[in-house]
Enquirer: 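Sharing a structure below in structure tokens format, with a few things to ask.
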Amino acid sequence: MARLPGYKRTGVVSVRELRKSGGVPSPARLRKGPVVLVECVEKIPCNPCAYACPRNAITIDGELTDLPKVDFDSCNGCRLCIAKCPGLAIFVVDHGFSRTHAAVTMPYEMLPRPVKGQRVAGLDRSGRRVCSAKVVRVLDTKAMDRCAVVTVAVPKKFWNRVRSIRVPKEG
Ligand code: SF4
Ligand code: SF4
């Protein structure tokens, strides 16, 4: 019997699997400016990402179940595609956000929403705390269908680890 992929056994996709799927930009592209990461490794019938990008940087060729392909050189990191993905699988990283920090932009469906300037916990793909993160931008409009798009600043070394946040409870 064929061995199940690692993410099916653990429930968490690894960086190695993400690189293999083609959703992670090269170090050279990361250095050029903000860029998308598409963390979609499961062949499911889904394609809103293929219609979300005004620059056609994300495409799905062939079957509806094929994985999205990313043209990282066409992406300018505009973040428009993030809220369109029902799988919450699209992120944008600005590795050059500051000398010490990268900016990670992610979908966020939970309440309460974070607010700009707030300190939150940066979490990894399995929900474990990685570091403290500072909220630098929150986009949350009616057109986004209940999915906010949140940008946090994290120490550069965590650019490919922080993929979610935990907002502290008030009071
Ligand atoms: S971040 Fe903007 S340019 Fe890049 S893939 Fe998404 S919608 Fe396209
Ligand atoms: S919209 Fe999201 S879940 Fe659906 S194929 Fe695209 S990246 Fe994958």
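Every heavy atom of this structure was used, including side-chain atoms; hydrogens, water molecules and symmetry mates were not. As the structure lists them, so they are numbered: ligands from 1, and atoms in each ligand from 1.
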Enquirer: Should you measure from each heavy atom of P86, which atoms of ligand 2 turn up under 4.0 Å away?
Expert: 1 (S)
Enquirer: Measuring only between side-chain heavy atoms, which start at C-beta, is K69 closer than 4.5 Å to I58?
Expert: no
Enquirer: Give a yes/no answer: is there an N/O/S atom of C46 under 2.8 Å from atom 2 (Fe) of ligand 2?
Expert: no
Enquirer: Which is closest to atom 4 (Fe) of ligand 1 by heavy-atom distance: C78, S74, C75?
Expert: C75
Enquirer: Is L139 linked to I165 within one hydrophobic cluster, defined over Ile, Leu, Val, Met, Phe, Trp and Tyr using a side-chain heavy-atom separation of less than 4.5 Å?
Expert: yes
Enquirer: Using a strict 4.0 Å cut-off to heavy atoms of R55, name the atoms of ligand 1 that fall inside it.
Expert: 3 (S)
Enquirer: Of all the non-hydrogen atoms in the protein, which one sits nearest to atom 3 (S) of ligand 1, and at what distance?
Expert: N76 OD1, 3.3 Å
Enquirer: In the protein, what heavy atom is nearest to atom 2 (Fe) of ligand 2, and what distance, to one decimal place, separates them?
Expert: C85 SG, 2.3 Å
Enquirer: At less than 4.0 angstrom from any non-hydrogen atom of V38, what atoms of ligand 2 do you find?
Expert: 7 (S)
Enquirer: Any side-chain heavy atom of C40 within less than 4.5 Å of one from S21?
Expert: no
Enquirer: Can V120 be reached from V149 by stepping across I, L, V, M, F, W or Y side chains whose heavy atoms are under 4.5 Å apart?
Expert: yes
Enquirer: Are C131 and P155 close enough that some pair of their side-chain heavy atoms sits under 4.5 Å apart?
Expert: yes
Enquirer: I need the nearest protein heavy-atom contact for atom 8 (Fe) of ligand 1: residue, atom name and distance, please.
Expert: C53 SG, 2.2 Å
Enquirer: Are H101 and K156 packed together at the side-chain level, in the sense that at least one heavy-atom pair is separated by less than 4.5 angstrom?
Expert: no
Enquirer: Atoms of ligand 1 less than 4.0 Å from I58 heavy atoms?
Expert: 5 (S)
Enquirer: Note the single closest protein heavy atom to atom 1 (S) of ligand 2, along with its residue, its atom name and the distance in Å.
Expert: C49 N, 3.5 Å
Enquirer: Who pairs with T65 by side chain to side chain donor-acceptor pair (under 3.5 Å), at least two apart in sequence or on another chain?
Expert: none
Enquirer: Please determine if atom 4 (Fe) of ligand 1 has an N/O/S atom from C81 lying under 2.8 Å away.
Expert: no
Enquirer: Do I60 and E63 have side-chain heavy atoms sitting under 4.5 Å apart?
Expert: no
